[in-house]
**Student:** 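Sharing a structure, written as structure tokens. Questions coming.
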Protein chains: 2
Amino acid sequence: MYKVSEFSKMTGLSKETLRYYAEIKLLEPVYIDPRNKYRYYDNGSYLVARLLVYLRKFNFTIQEMLEVVNDESFENLEMLIREKRENLVQEVERIQSIIEEMDEFFELGIGDEEDDPMA
Amino acid sequence: MYKVSEFSKMTGLSKETLRYYAEIKLLEPVYIDPRNKYRYYDNGSYLVARLLVYLRKFNFTIQEMLEVVNDESFENLEMLIREKRENLVQEVERIQSIIEEMDEFFELGIGDEEDDPMA
DNA sequence: TTAAACGATGTGGTGCACCACAAGGTCAAT
DNA sequence: ATTGACCTTGTGGTGCACCACATCGTTTAA
């Protein structure tokens, strides 16, 4: 079993983040020593932590990661990632429409200041 | 000249936002009555406010909008919007690379749980 | 044994861009 | 004059995902 610092180094998640994740029940220690309250994680914790690090790369929010983790057999993992993918596709479209608006803004010619480009 | 509520309705910016914008010197009242501290805005304020609303649509941060507003002749406005456009293009690319990673994830076949897809 | 490293809890803070409530003074219409 | 609308200041809160410091008890290695 791993103590907090070791587990933090293994996973790249800070001690504070681990504490936060335990608090919101995203990733809880598998054992807490009642004498000193030390938190211990195991190899199963490590697998979950690696999954979380991966999902963070996919821009998953905490809430979304909770859905993944609370699905005990991870049978919905693919579906949840597909949903997130759809989110990201829509975000790309949103940004691209902003870019198009900017291009229209440039076409109006900002140099002509007498003409209110924002009308 | 306009008082706060009227100006808020005209611009779509909430009173709290206007207060905040005054505080950070993004959009300050043109006159403050010394007797009661009432804040007044004028038509010039309205033009600036409309510009800010527009830039918010372009995902400009407060700091970026400050750069625009502090450029008194607005001669750099086009340049600043081009920079922001470049930011947004890069953001689109960032998200798209995440989407590609997701697609690779799907190709690995998550159904095969004996194979660690995160290796 | 000692001292440094380690771990815990409690608490407040960060960045970002607002939002909301309380309390008190001023304005405006009746 | 009265009352409701309006404005101000002060203060704390929101959502989000952490981050950091102080204090105190425990563990570890010399």
Side-chain angles (χ1 to χ4, degrees), chain A residues 1-42 45 48-49 51-69 84 87-88 91 95 98, chain B residues 1-42 45 48-49 51-69 84 87-88 91 95 98:
Chain A
M1 297 217 280
Y2 314 106
K3 281 190 287 193
V4 167
S5 268
E6 193 177 358
F7 195 67
S8 165
K9 290 194 184 70
M10 291 165 59
T11 58
L13 301 167
S14 72
K15 285 184 286 186
E16 286 92 3
T17 300
L18 288 171
R19 181 179 171 196
Y20 174 60
Y21 284 3
E23 182 184 312
I24 62 175
K25 302 189 190 306
L26 181 59
L27 172 56
E28 296 180 271
V30 295
Y31 175 68
I32 303 182
D33 190 326
R35 293 170 310 167
N36 57 22
K37 302 290 179 70
Y38 281 24
R39 292 171 285 148
Y40 293 85
Y41 299 86
D42 65 7
S45 311
V48 173
L51 175 61
L52 294 178
V53 170
Y54 204 68
L55 295 180
R56 290 193 336 167
K57 278 173 49 189
F58 283 174
N59 271 19
F60 269 66
T61 64
I62 296 278
Q63 187 53 50
E64 289 166 340
M65 292 196 282
L66 274 166
E67 287 179 38
V68 171
V69 167
K84 187 66 188 180
N87 283 355
L88 292 180
E91 178 65 7
I95 300 181
I98 297 181
Chain B
M1 296 216 281
Y2 314 105
K3 280 188 287 191
V4 166
S5 267
E6 192 178 3
F7 196 68
S8 166
K9 290 196 184 70
M10 290 166 60
T11 58
L13 301 167
S14 72
K15 284 186 285 186
E16 288 90 4
T17 300
L18 289 171
R19 182 177 170 197
Y20 174 60
Y21 283 2
E23 182 184 314
I24 62 175
K25 301 190 190 307
L26 181 59
L27 173 57
E28 298 180 89
V30 293
Y31 174 66
I32 302 183
D33 191 326
R35 293 169 309 169
N36 57 23
K37 303 293 179 67
Y38 281 24
R39 292 172 283 145
Y40 293 86
Y41 299 85
D42 67 6
S45 311
V48 173
L51 175 61
L52 294 179
V53 170
Y54 204 66
L55 295 180
R56 290 190 340 164
K57 278 173 49 189
F58 281 173
N59 272 19
F60 270 68
T61 64
I62 296 278
Q63 186 52 53
E64 288 165 341
M65 290 195 285
L66 275 166
E67 287 179 41
V68 170
V69 166
K84 186 67 187 180
N87 283 354
L88 292 179
E91 178 66 8
I95 299 181
I98 296 180

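All values below were derived from every heavy atom in this structure, side-chain atoms included, with hydrogens, water molecules and symmetry-related copies excluded. All chains are named by letter (A, B, ...) in the order of the sequence lines, taking the proteins before the strands, and each is independently numbered beginning at 1.
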**Student:** Within the pair A/Arg56 and D/dA17, is there a side-chain N or O less than 4.0 Å away from OP1 or OP2?
**Tutor:**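 Looking at the OP1 and OP2 atoms of D/dA17, neither is under 4.0 Å from any side-chain N or O of A/Arg56.
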**Student:** Using heavy-atom distances to pick each residue's nearest nucleotide on DNA chain D, tell me which of A/Met65 and A/Asn36 is more 5'.
**Tutor:**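 Going by which nucleotide is closer to the 5' end, it is A/Met65.
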**Student:** How close or far is atom P of C/dC16 from atom CZ of B/Phe60, stated in whole angstroms?
**Tutor:**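 Checked: the CZ to P distance equals 16 Å.
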**Student:** Expressed as a whole number of angstroms, how long is the span from A/Leu52:CG to D/dA17:P?
**Tutor:**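 Taking atom P of D/dA17 as the reference, CG of A/Leu52 is at 12 Å.
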**Student:** Report yes if a donor N or O on one partner sits less than 3.5 Å from an acceptor N or O on the other, where the partners are the side chain of A/Tyr40 and the base of C/dG7; otherwise report no.
**Tutor:**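 Such a pair does not exist between side chain and base.
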**Student:** Could you give the OH-to-C1' distance, from B/Tyr2 to C/dC27, as a whole number of Å?
**Tutor:**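 Spelled out: OH on B/Tyr2 to C1' on C/dC27 is 20 Å.
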**Student:** What is the distance, to the nearest angstrom, from the OH atom on A/Tyr41 to the C1' atom on C/dA8?
**Tutor:**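 Nearest whole value for this atom pair: 12 Å.
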**Student:** Using the side-chain heavy atoms of A/Tyr38, tell me which of these nucleotides is nearest: C/dC6, D/dC18, C/dC27.
**Tutor:**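 Looking only at heavy atoms from C-beta outward on A/Tyr38, the closest nucleotide is C/dC6.
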**Student:** Give the rounded distance in Å between these two atoms: CG of A/Asn59 and P of D/dA17.
**Tutor:**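 So the CG-P distance, A/Asn59 to D/dA17, works out to 11 Å.
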**Student:** If you assign B/Gln63 and B/Lys3 each to the DNA chain C nucleotide with the nearest heavy atom, which residue ends up on the more 5' nucleotide?
**Tutor:**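 Going by which nucleotide is closer to the 5' end, it is B/Gln63.
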**Student:** Tell me: CD of A/Glu23 to P of D/dC16, nearest whole Å?
**Tutor:**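 Checked: the CD to P distance equals 15 Å.
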**Student:** Kindly give the heavy-atom pair with the smallest separation between A/Ala22 and A/Glu28, and that separation in Å.
**Tutor:**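 Result for this residue pair: O-CG, 3.8 Å.
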**Student:** For a quick test of reading the model, state the closest non-hydrogen atom pair linking B/Leu52 to B/Leu27 and the distance between them.
**Tutor:**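 Closest heavy-atom pair between B/Leu52 and B/Leu27: CD1-CB, 4.0 Å.
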**Student:** Could you list by number each residue of residues 9-17 of chain B showing a heavy-atom separation from DNA chain C of less than 4.0 Å, or answer none if no residue does?
**Tutor:**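 Heavy-atom contacts with DNA chain C come from B/Ser14, B/Glu16, B/Thr17.
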**Student:** Can you give me the closest heavy-atom contact between A/Ile95 and B/Glu91, atom names plus distance?
**Tutor:**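 Minimum heavy-atom separation between A/Ile95 and B/Glu91: CD1-CG, 3.6 Å.
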**Student:** Among C/dC18, D/dT8, C/dA28, which is the nearest nucleotide to the side chain of B/Val4?
**Tutor:**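 Among the listed nucleotides, the one closest to the side chain of B/Val4 is D/dT8.
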**Student:** Please report the shortest heavy-atom distance between B/Arg39 and B/Arg19, naming the atom on each side.
**Tutor:**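 Minimum heavy-atom contact is NH1-CA, 3.5 Å.
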**Student:** What is the distance from CG of A/Leu18 to C1' of D/dC19, rounded to the nearest Å?
**Tutor:**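 Value for this atom pair: 13 Å.
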**Student:** Can you spot which of A/Tyr40, A/Tyr38, A/Tyr41 makes a side-chain contact (heavy atoms from CB on, under 4.5 Å) with A/Tyr31?
**Tutor:**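 With A/Tyr31 as partner, A/Tyr40, A/Tyr38, A/Tyr41 yield a single side-chain contact (heavy atoms from CB on, under 4.5 Å), made by A/Tyr40.
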**Student:** Are any non-hydrogen side-chain atoms of A/Met1 and A/Val30 less than 4.5 angstrom apart?
**Tutor:**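 With C-beta onward as the side chain, the pair touches.
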**Student:** Report yes if a donor N or O on one partner sits less than 3.5 Å from an acceptor N or O on the other, where the partners are the side chain of A/Arg19 and the base of C/dG7; otherwise report no.
**Tutor:**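 Absent.
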**Student:** Atom OH of B/Tyr31 to atom P of D/dT8: distance rounded to whole Å?
**Tutor:**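 Going from B/Tyr31 (OH) to D/dT8 (P), I get 13 Å.
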**Student:** Could you tell me whether A/Tyr21 contacts a base, only the sugar-phosphate backbone, or nothing, with contacts defined as non-hydrogen atoms closer than 4.0 Å?
**Tutor:**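 A/Tyr21: backbone/sugar contact only, no base atoms under 4.0 Å.
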**Student:** To the nearest 0.5 Å, how far apart are CG in B/Leu66 and CG in B/Leu26?
**Tutor:**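 Interatomic distance, B/Leu66 CG to B/Leu26 CG, rounded to 0.5 Å: 5.0 Å.
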**Student:** Given that A/Asp33 and A/Tyr20 both sit by DNA chain D, which one's nearest nucleotide is further toward the 5' end?
**Tutor:**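 Comparing both residues, the 5'-ward one is A/Tyr20.
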